[in-house]
Asker: 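One structure, pasted below without further comment.
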Amino acid sequence: MLPTEYTENFQVYRHDGDCYGCVQPATMLRYAQQIAGEHAIALGLDDALYARTHTAYVLVKQALRFDRVPRVDEHLTLITKPEALKRAVNKRITQVLDAEGRQAALVDSRWVLIDTDKRAILRRHPEEFASAHWAETVEQELPMKLDRVPPEACETVGERTATYSQCDMNGHMNNARYVDAVCDALPPEVLDRCFVRELVIYYHKEVPRGGQYTLLRANPGGNYWYFAGLQEGKCCFETGLWMDERAKAEEVTNP
């Protein structure tokens, strides 16, 4: 029987950290993306299969919660657990453990399989995917709701371009790069005082290499920040960030 979970060790390299020595939120999403890809290959879901079936997995929603923010040079163990198809969606939970085996973070990713010719979501997988094995149910999950702010109530941060360094082999802006972009757009005084404790991001439309979008920002109250990217008046992504005091970054909130 194929394994329903996959484990890999990661080290937080110094270029993965911020100027305070803490791992960046987008870095944690990159780790989760990497282990998800390696697990898929181990299950037989490789580039050849996608090409043969004219399919591709697309990330539609993602959430991250830090129980404690890891620091540079730390060694982490990631355990990723994909759930069987439900309502056209595969949930994948990635648990991040520190060297003592305590949970430092959790990533919840929601994926859909699309027909690349029709650009349509497939509610049933092709027969070739029968060799893959997911757990029937993965109990863990994170809230996927963000509090939207209408565009007219947001401020415009500026125009952004999906540059060479932000795009991956699919030819569009990498999923984690959106989180880099919104963290860069937080006011410096907020980043000096706070860190991202939780985030939720919705991916509505891919931004191709060289594509531009207008970045909107709002702080409707307290520690919550909302961002959205607009392309020709249509939303290509939205994200909500919940901030916490930087002094609490290394405290375990869910022991």
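Because only heavy atoms are used, hydrogens play no part in the values below, and waters and symmetry mates are left out as well, while side chains stay in.
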Asker: Should the ring pair Tyr202 and His204 be called parallel, tilted or perpendicular, given that the plane angle runs from 0 to 90° and is split at 30 and 60?
Answerer: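 It falls in the perpendicular class, over 60°.
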Asker: Is there a side-chain contact between Trp134 and Leu85 in this structure, where contact means two heavy atoms from C-beta onward sitting under 4.5 Å apart?
Answerer: no
Asker: Please indicate whether Glu232 has more than 12 foreign heavy atoms, meaning atoms of other residues, nucleotides or ligands, lying under 6.0 Å from its CD.
Answerer: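 No, CD of Glu232 has 12 or fewer neighbouring heavy atoms, counting only those of other groups under 6.0 Å.
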Asker: Taking only residues two or more places apart in sequence or in another chain, which ones pass side-chain hydrogen bond (donor to acceptor under 3.5 Å, both in side chains) with His75?
Answerer: none
Asker: Under 4.5 Å between any side-chain heavy atoms of Leu78 and Thr80, yes or no?
Answerer: no
Asker: Show me the pairs that pass salt bridge (Lys or Arg N to Asp or Glu O under 4.0 Å) and involve residues 118-128, at least two apart or across chains.
Answerer: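 Non-adjacent pairs meeting salt bridge (Lys or Arg N to Asp or Glu O under 4.0 Å): Arg119-Glu206.
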Asker: In Å, rounded to the nearest 0.5 Å, how long is the span from NZ of Lys234 to NZ of Lys205?
Answerer: 6.0 Å
Asker: Are any of the side-chain nitrogens in Arg65 or Asp67 under 4.0 Å away from the carboxylate oxygens of its partner?
Answerer: yes
Asker: So do Gln103 and Gln95 actually touch side chain to side chain, heavy atoms under 4.5 Å?
Answerer: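 They are in contact (side-chain heavy atoms under 4.5 Å apart), so the answer is yes.
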Asker: Tell me which one of Val60, Val58, Leu59 satisfies side-chain contact (heavy atoms from CB on, under 4.5 Å) with Arg110.
Answerer: Val60
Asker: For residues 23-48, pull every pair meeting ring-ring contact (aromatic ring centres under 6.0 Å, His included), keeping only residues two or more places apart or in separate chains.
Answerer: Tyr6-His39, Phe10-Tyr31
Asker: Do Pro126 and Leu113 have side chains that get closer than 4.5 Å, going by heavy atoms?
Answerer: yes
Asker: Would you list the pairs meeting salt bridge (Lys or Arg N to Asp or Glu O under 4.0 Å) in which at least one residue belongs to residues 129-140, sequence neighbours left out?
Answerer: none
Asker: Applying salt bridge (Lys or Arg N to Asp or Glu O under 4.0 Å), can you list everything that pairs with Asp98, at least two apart in sequence or on another chain?
Answerer: Arg68, Arg102
Asker: So do the side chains of Glu83 and Thr137 get within less than 4.5 Å of each other, counting heavy atoms only?
Answerer: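 Answer yes - side chains close enough.
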Asker: Side chains of Met28 and Pro70, heavy atoms from C-beta outward: is any pair under 4.5 Å?
Answerer: yes
Asker: Please list, chain by chain and in numerical order, all residues satisfying side-chain hydrogen bond (donor to acceptor under 3.5 Å, both in side chains) with Thr7, sequence neighbours excluded.
Answerer: none
Asker: When rounded to the nearest 0.5 angstrom, what is the spacing between CG in Leu186 and CZ in Arg217?
Answerer: 7.5 Å
Asker: Please list, chain by chain and in numerical order, all residues satisfying side chain to side chain contact (heavy atoms under 4.5 Å, CB included) with Cys154, sequence neighbours excluded.
Answerer: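 By the side chain to side chain contact (heavy atoms under 4.5 Å, CB included) rule, Cys154 matches Val149, Leu216, Ala218, Tyr226.
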Asker: Does Tyr13, at its OH atom, have more than 12 non-hydrogen atoms belonging to other residues, nucleotides or ligands within less than 6.0 Å?
Answerer: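 Count not over threshold, so no.
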Asker: Can you name the side-chain hydrogen bond (donor to acceptor under 3.5 Å, both in side chains) partners of Gln212, sequence neighbours left out?
Answerer: Thr161
Asker: Please examine the side chains of Tyr178 and Val207, heavy atoms only from C-beta on, and report whether any two atoms are closer than 4.5 Å.
Answerer: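 Side chain of Val207 against side chain of Tyr178, heavy atoms only: contact under 4.5 Å found.
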Asker: Check the orientation of Trp111 and Tyr57. Use parallel for under 30°, tilted for 30 to 60°, and perpendicular for over 60°.
Answerer: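 Plane angle over 60°, so perpendicular.
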Asker: Flag the pair Pro220 / Asp147 as yes when at least one side-chain heavy-atom distance between them is below 4.5 Å, and no otherwise.
Answerer: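 A side-chain contact under 4.5 Å is absent here.
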Asker: May I have the step-by-step check of side-chain contact (heavy atoms from CB on, under 4.5 Å) for Gln62 and Val107, ending in yes or no?
Answerer: CA-CA 7 Å; Gln62 205 166 24; Val107 179; 4.0 Å; yes
Asker: Show me the pairs that pass salt bridge (Lys or Arg N to Asp or Glu O under 4.0 Å) and involve residues 27-49, at least two apart or across chains.
Answerer: Arg30-Asp180
Asker: Just grab all the salt bridge (Lys or Arg N to Asp or Glu O under 4.0 Å) pairs involving residues 192-204, residues at least two apart or on different chains.
Answerer: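 Sorted result for residues 192-204: Arg197-Asp244.
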Asker: Taking salt bridge (Lys or Arg N to Asp or Glu O under 4.0 Å) as the test, write out the residues that go with Asp18, two or more places apart.
Answerer: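 Salt bridge (Lys or Arg N to Asp or Glu O under 4.0 Å) check on Asp18 returns Arg246.
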Asker: Any chance you could measure Leu29, atom CG, to Leu64, atom CG, to the nearest 0.5 Å?
Answerer: 5.5 Å
Asker: For Lys81 and Thr4, what are the C-alpha separation, side-chain angles and deciding distance, and is it a side-chain contact (heavy atoms from CB on, under 4.5 Å)?
Answerer: CA-CA 6 Å; Lys81 311 168 188 178; Thr4 59; over 6 Å; no
Asker: Asn219: what forms a side-chain hydrogen bond (donor to acceptor under 3.5 Å, both in side chains) with it, not counting sequence neighbours?
Answerer: none
Asker: Is it the case that more than 12 heavy atoms not belonging to Arg209 sit under 6.0 Å from its CZ atom?
Answerer: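 Not buried by this count: 12 neighbours or fewer within 6.0 Å.
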